[in-house]
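Here is the structure we will look at, set down as structure tokens.
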Amino acid sequence: MLIKDIHFQLKDGREALLRSPREEDIEGTLAYLVQSAGETEFILRYPEECGKYTHEGEKALFAQKNAADNEAMLMCLVDGKVVGNCEITFRKTMKTRHRASVAIALLKDYWNQGIGTRMFEELICIAKANPYAEQIELEFVEGNTRARHLYEKMGFRITGVVPNAIRLRDGTFLNEYTMIKTL
């Protein structure tokens, strides 16, 4: 689904833009995917795994997200640079259409600027506009206290854990936690 452009001010005074992805965002998105994967252990890919993302693949993904009636993707741009994205997907079957899943990521240089909060505010608005949605779900990786704090601030609560869900290069295992926000 397409989302109207949303302009907002960062804590440092710069202007940011949240909007549906466009073809002009593809190259910036490809760079963002690699950079974000290298900045934290909490994204579920390493930079070298980003080679599977291509211009054509992102173009198709953007078109699919923008045309869908059960999902939306938002890009965050600052000074024309893709610095983050988020998405929401609503389940479609009658038994599960009350559930939506969300995901969010942001480049490290843009942490603590209010972008994550603003993205979540918009995702929650999108969910509330869906007549079937009753809860939003997400996962986060053990140790990602910054994300957990944001999610709890936005009204999510931990509902479960997948032990040893993530295995880092050094062999360290991390749990993955599920969280739900009731609308």
Are Phe120 and Phe156 close enough that their ring centers fall under 6.0 Å?
-> yes
Derivation and outcome, side chain to side chain donor-acceptor pair (under 3.5 Å), residues Lys153 and Thr117 | CA-CA 9 Å; Lys153 178 176 91 168; Thr117 298; 2.7 Å; yes
Should the heavy atoms of other residues, nucleotides or ligands under 6.0 Å from NE2 of His149 be counted, would the total exceed 12?
-> no
Got a salt bridge between Lys81 and Asp79, using NZ or NE/NH1/NH2 to carboxylate O under 4.0 Å?
-> no
Does a side chain donor of either Lys108 or Thr40 reach within less than 3.5 Å of an acceptor in the other side chain?
-> no
Test log, rule side-chain contact (heavy atoms from CB on, under 4.5 Å), inputs Met1 and Asn66 = CA-CA 4 Å; Met1 71 185 66; Asn66 289 340; over 6 Å; no
Do Thr178 and Thr159 have a side chain donor and acceptor closer than 3.5 Å?
-> yes
Measure the shortest side-chain to side-chain distance between Ile3 and Glu122 over non-hydrogen atoms and say whether it is less than 4.5 angstrom.
-> yes
State whether a side-chain donor-acceptor pair under 3.5 Å links His7 with Glu15.
-> yes
Look at Glu134 together with Arg97 and state whether they make a salt bridge at an N to O cut-off of under 4.0 Å.
-> no
Give a yes or no on whether the backbone of Arg22 and the side-chain of Asp25 come within a donor-acceptor separation of less than 3.5 Å.
-> yes
Do the non-hydrogen side-chain atoms of Leu10 and Ile115 ever get within less than 4.5 Å of each other?
-> yes
Sidechain N-carboxylate O distance under 4.0 Å for Glu56, Lys59 = no
Please confirm whether Arg148 makes a cation-pi placement over Phe140, using NZ or CZ under 6.0 Å from the six-membered ring centre and within 45° of the ring normal.
-> no
Check the surroundings of atom OH in Tyr132: do more than 12 heavy atoms from other residues, nucleotides or ligands lie under 6.0 Å from it?
-> no
